Amino acid sequence: MLDKTFKPAEIEPRIRAEWERADAFKAGRAERSEAQPYCIVIPPPNVTGSLHMGHALNNTLQDVLCRFERMRGKDVLWQVGTDHAGIATQMVVERQMMERQEPGRREIGREKFVEKVWEWKEESGSTILNQLKRLGASCDWSRERFTMDEGLSKAVLKVFVSLYNEGLIYKDKRLVNWDPKFQTAISDLEVVQVDARGAFEWQDGDAEKPFDGEALSKALTKNPSGQMYHFRYPLADGHTYQHPTAFDDDGKPTAFETRDYIVVATTRPETMLGDTGVAVHPDDARYAPLLKAGAKVRLPIVDREIPIVGDEHSDPEKGTGAVKITPAHDFNDFEVGKRHGLEQINVLDDRARINEVAPAEYRGLDRFEARKRIVADFAAQGLLEKIEPTSHTVPHGDRSGVVIEPWLTDQWYVNAEVLAKPAIAMIESGKANFVPKNWEKTYFEWMRNIQPWCISRQLWWGHQIPAWYAPDGKVFVAEDEAHAQNLADAHFGAPTPLKRDEDVLDTWFSSALWPFSTLGWPDDTTELKRYYPTNVLVTGFDIIFFWVARMMMMGMHFMEEVPFRDIYIHALVRDEKGQKMSKSKGNVMDPLVLIDTYGADALRFTLTAMAAQGRDIKLAANRVEGYRNFATKLWNAARFAEMNECVRRRDFDPTTIKEPVNRWIAGETERAVREVTEALEAYRFNEAAGAAYEFVWGVFCDWYLELIKPILAGDDERAVAETRATVAWTLDQILKLLHPFMPYITEELWAHAVEHGERRESVLALSRWPTFSGLIDAEVDEEIGWVVRLISEIRSLRTEMNVPAGAKLPLVLPGASAELVARAKRHEETISRLARLDGISFPDAAPKGAAVIVAGDTTAALPLGGVIDTAAELKRLEREIEKAESDLGKMDAKLSNPQFVAKAKEEAIEEARERKAELEDAIQRLQAAIRRLEQVG
RNA sequence: GGGCACUUAGCUCAGCGGUAGAGCACUACCUUGACAUGGUAGGGGUCAGAGGUUCGAUCCCUCUAGUGCCCA
């Protein structure tokens, strides 16, 4: 016998063991060799990761699909694995070494350090996979892969070498996003823009407020960004010009002053050490004389002469219209510098400290320290005009959180523009589809403006770049050192010593190969043939660029086929106020805690039920509790079945059922199966879950199980046997329907039923998804619908008339047709039980002093034992009439509108007519009830 | 500045050209032989605002206000 409540913590590990025993999630099962393949590759979680809400949602949805398709008989491969996550992992291990007060990575050297990371990976790398198991994920665990395992590394080398040989990977010296904390380059995507706004204000010439270096320093320590500094750059060789200071209404200058300097505005004073020019807009009248004269500027502090150039990059509307140009430390300036042949002077080292190029007193200073000093020095020289607060965005490293420096270095790049073309075409042609579709716009926007992808990282943990350098710097790219050596020797015609490139590849480089590298590529494996392209990718919108787009590019280039047919993009899980969950806000909900509290099934069901397309999920714990209760409800329905000996019969055939109520539930089952199936096929997870929920709780538990109680308690043996079998059958269908969402409880109940019934052929996870047709019977639906409605109306009336819950009332169906009498008698026991009646009678006329119900075409009367509160009943009836008349008014208005009758759809008109007739009939009968009541009163 | 969403019950959210829905919360009654993690009944909404299209708009279109996200 089942316990009174279900205890997820007890059941879950046991069920997991059962799945394992049955090898339930194994792809390529012999008996399914002829079956259609179905494949999803998991978005590989970072080995450093632990399960958060986003993972829980992402993997629940994948699992729902996999379990659904597996039950539909397909040969399902849910390919699992983890990502080596370069920076993240290196960071974790380094931090751990620091905590243990072990020597740092630079001290122990690369080889030892990488060894340590591997050790760490062996120890802790499976944490997140075990957490996925707890969630119930039905991955083929026997095929776990890792982005740095042997096979995948081979794929990475092959791809790098191929792309290099095709000229699609190249080395280039340009500005990169440099992370001074990790001392590595990062890609554009790993940079987050953070808004900054300062508060410091100062103006030269304000006698009341002299420059206060202390105060500025304090403000900048708090927030180094958000200030605009106006510097006076003296003109070289004592040059002067007339600078306009006032304008008339037409914008013509009306007053001038003679200046021997030009004012530039900047948010980054310290970079002035590397300035090699000043730019003004070529059409800016204010500076035209300077351009014309070819005037130069003598850069303060460094005392360098630099040109003033005309470039459209300068916006006359912004600041002073003149900008300093630092080609080595700003992306825009880099371009300006290239256009005008300006020198690139790098003034920062790899930790963003001022380097040896700068005057001695600044060397070694941190960039923000240097900023304060430079400003103070300008002020001291009378070259600081003003400081004002400004709003601007500052680039930060997404992992390190520090301000990123544009820095001039040699890095490896992928020519993404070429690779993007076929990847764009595949979405355009519908060979692959975003669900919901609107994400393709985001995808196109980015892909059509794609920039070179910087793939080298100055880290130790990752795929080391397969490039070797000869002493003269000539590079040789090959899959291993021997091949590189051959290339070099052939090139130089003599044995040549080679040194391997120190850098590793961006983590996303290997992730981009995931859909085919995990299936065995570059080898021509059976898996690759069978499961590529995969069916669907399930992921969040935040990695469309990082991952989806790049898989698309690599898949098209190397497999000449899309990596997946559908791309289901799900929402972000937020807290109940709609805020992103973050540790600093303290609003993080831990899926593992929710699993401990409510069970994995409840969490899964919640996430699925809330996964409506195109909307974020604002998750509230009480939602999970509600669905935990749903699981309990199911559990108790099964318990009811068990107590009533509703055991499965192998020969049960739902098409041969006799009892109306049983035929009805069979039809409802068919309907529910259809709804859930169609919703899942269309990735409408919330609708699928909603349909299953409503069927199980609202139809099966609330009505069917209640309706059959009199039959089970009765002595019609044939009916009892049929009903028991129907309950067992329906419950089986329910377990199947719910299994993709709630795998644990359903598997448990599936197994439990065996204790009394026929043996199962397989675990539920491998059972067959139901498909029915022909079980829906309109007549039976109508009949049971009538019963349900009558019971509801009686219950409603009882409450309204304050009839004590325990009191039994007689029900009168006056002037009932023979058909109605037969129907009422057929269900008399059920109706009596559920509506708490004391029998049904069928006189010709309605009794006096009874409350009256009008349900559809049935009029029913409840004599309230002479104690009826006439006034209350009159009021109630009048309210009913009022409501019916209001509805009738709407119908009349519709139907009397010639436009409606002429133009509306036939069904809409027919519906309105039926409704009108129904309402008129109901009003008549309600009025009759009032007349009778008044006779009594 | 460019783009994409969103605004529906007290809260969290579905829905959708033809009578407004769920969960939670709330009110009243009920320990009825599956379930109090429950049952029954109920209260609660000019579907952000203004226009337009339509026989008919919460739904489609435009604008306005507010909110969120992405990109520069």
Side-chain angles (χ1 to χ4, degrees), chain A residues 1-6 188-189 192-193 331 393 436 438-439 441-442 444-446 449 541-542 544-545 571-572 574-580 598-599 602 605-606 609-644 646 684 686-687 689-690 693-694 697-698 701-702 705-706 709 712-713 727 791-800 802-806 833-836 883 886-888 890-891 893-905 907-912 915 918-919:
Chain A
M1 172 65 87
L2 288 167
D3 288 343
K4 213 167 161 184
T5 56
F6 106 101
D188 296 343
L189 286 175
V192 290
Q193 300 293 337
F331 287 100
T393 58
N438 52 313
W439 286 109
K441 202 163 175 176
T442 308
F444 286 142
E445 188 60 32
W446 189 70
N449 297 297
F541 61 82
D542 48 334
I544 290 179
F545 305 145
L572 221 57
R574 299 168 178 281
D575 76 357
E576 53 191 307
K577 291 186 202 110
Q579 292 182 301
K580 214 166 163 172
Y598 302 112
F605 203 89
T606 308
M610 294 181 84
Q613 287 181 10
R615 255 223 207 186
D616 284 347
I617 294 179
K618 288 183 217 161
L619 188 62
N622 66 12
R623 228 25 226 264
V624 187
E625 188 177 345
Y627 290 118
R628 187 273 316 264
N629 295 353
F630 174 57
T632 306
K633 188 75 182 176
L634 172 67
W635 184 264
N636 279 293
R639 191 158 172 267
F640 171 85
E642 188 182 22
M643 293 171 87
N644 286 282
C646 301
R684 290 197 299 266
N686 59 319
E687 285 180 25
Y693 181 94
E694 169 57 23
W697 200 320
C701 291
D702 284 352
L705 291 185
E706 296 302 328
K709 279 177 183 173
L712 293 177
V727 170
I791 292 167
S792 299
E793 295 282 356
I794 297 169
R795 283 167 167 174
S796 190
L797 181 82
R798 290 176 60 114
T799 307
E800 221 162 329
N802 287 316
V803 178
R833 181 182 170 122
L834 297 190
R836 309 225 125 216
K883 191 166 175 296
S886 149
D887 287 354
L888 183 61
K890 283 185 209 158
M891 289 305 130
K894 242 184 194 183
L895 287 167
S896 62
N897 179 349
Q899 304 271 42
F900 175 73
V901 182
K903 294 185 180 171
K905 274 181 295 187
E907 309 100 79
I909 299 169
E910 193 46 42
E911 214 178 288
R915 179 92 182 114
E918 237 172 72
L919 286 166

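Proteins get letters first, then strands, A, B, ... in listed order; numbering begins at 1 in each. Please read these numbers as outputs of a predicted model, since none were measured by experiment.
Side-chain atoms of A:A805 lie closest to B:C30 of the nucleotides B:C16, B:C30, B:G23. Distance from the side chain of A:K633 is smallest to B:G38 among B:G38, B:G23, B:U37. The side chain of A:F545 has B:C71 as its nearest neighbour among B:C55, B:C71, B:A34. Comparing B:G18, B:A34, B:G3 by their closest approach to the side chain of A:K441 singles out B:G3.
The backbone N or O of A:C646 lies less than 3.5 Å from no partner atom in the side chain of A:N644, so there is not a single donor-acceptor pair. In this structure, the side chain of A:E642 engages the main chain of A:L2 through a donor-acceptor pair within 3.5 Å. Remark: the backbone N or O of A:R836 is paired with a side-chain donor or acceptor of A:R798 at under 3.5 angstrom. Remark: the backbone N or O of A:M891 is not paired with any side-chain donor or acceptor of A:R915 at under 3.5 angstrom.
Across all strands, A:S796 comes closer than 4.0 Å only to sugar-phosphate atoms, never to a base (heavy-atom distances). Nucleic acid contact for A:T632: base, since at least one base atom lies under 4.0 Å from a heavy atom of the residue.
We find that CD of A:E800 is positioned 20 Å from P of B:U27, with the value rounded to whole Å. Rounded to whole Å, atom P of B:C70 lies 10 Å from atom CH2 of A:W439. Rounded to a whole Å, the CH2 atom of A:W635 is 15 Å from the P atom of B:A36.
You'll find a donor-acceptor pair under 3.5 Å spanning the side chain of A:R915 and the base of B:U19, going by distance alone.
Taking atom P in both B:G39 and B:A57, one finds a spacing of 39 Å when rounded to whole Å. A distance of about 22 Å separates the C1' atoms of B:G42 and B:C47, rounded to the whole Å.
Under the Watson-Crick and G-U wobble criteria, each requiring two contacts below 3.5 Å, nucleotide B:A28 is paired to B:U40.
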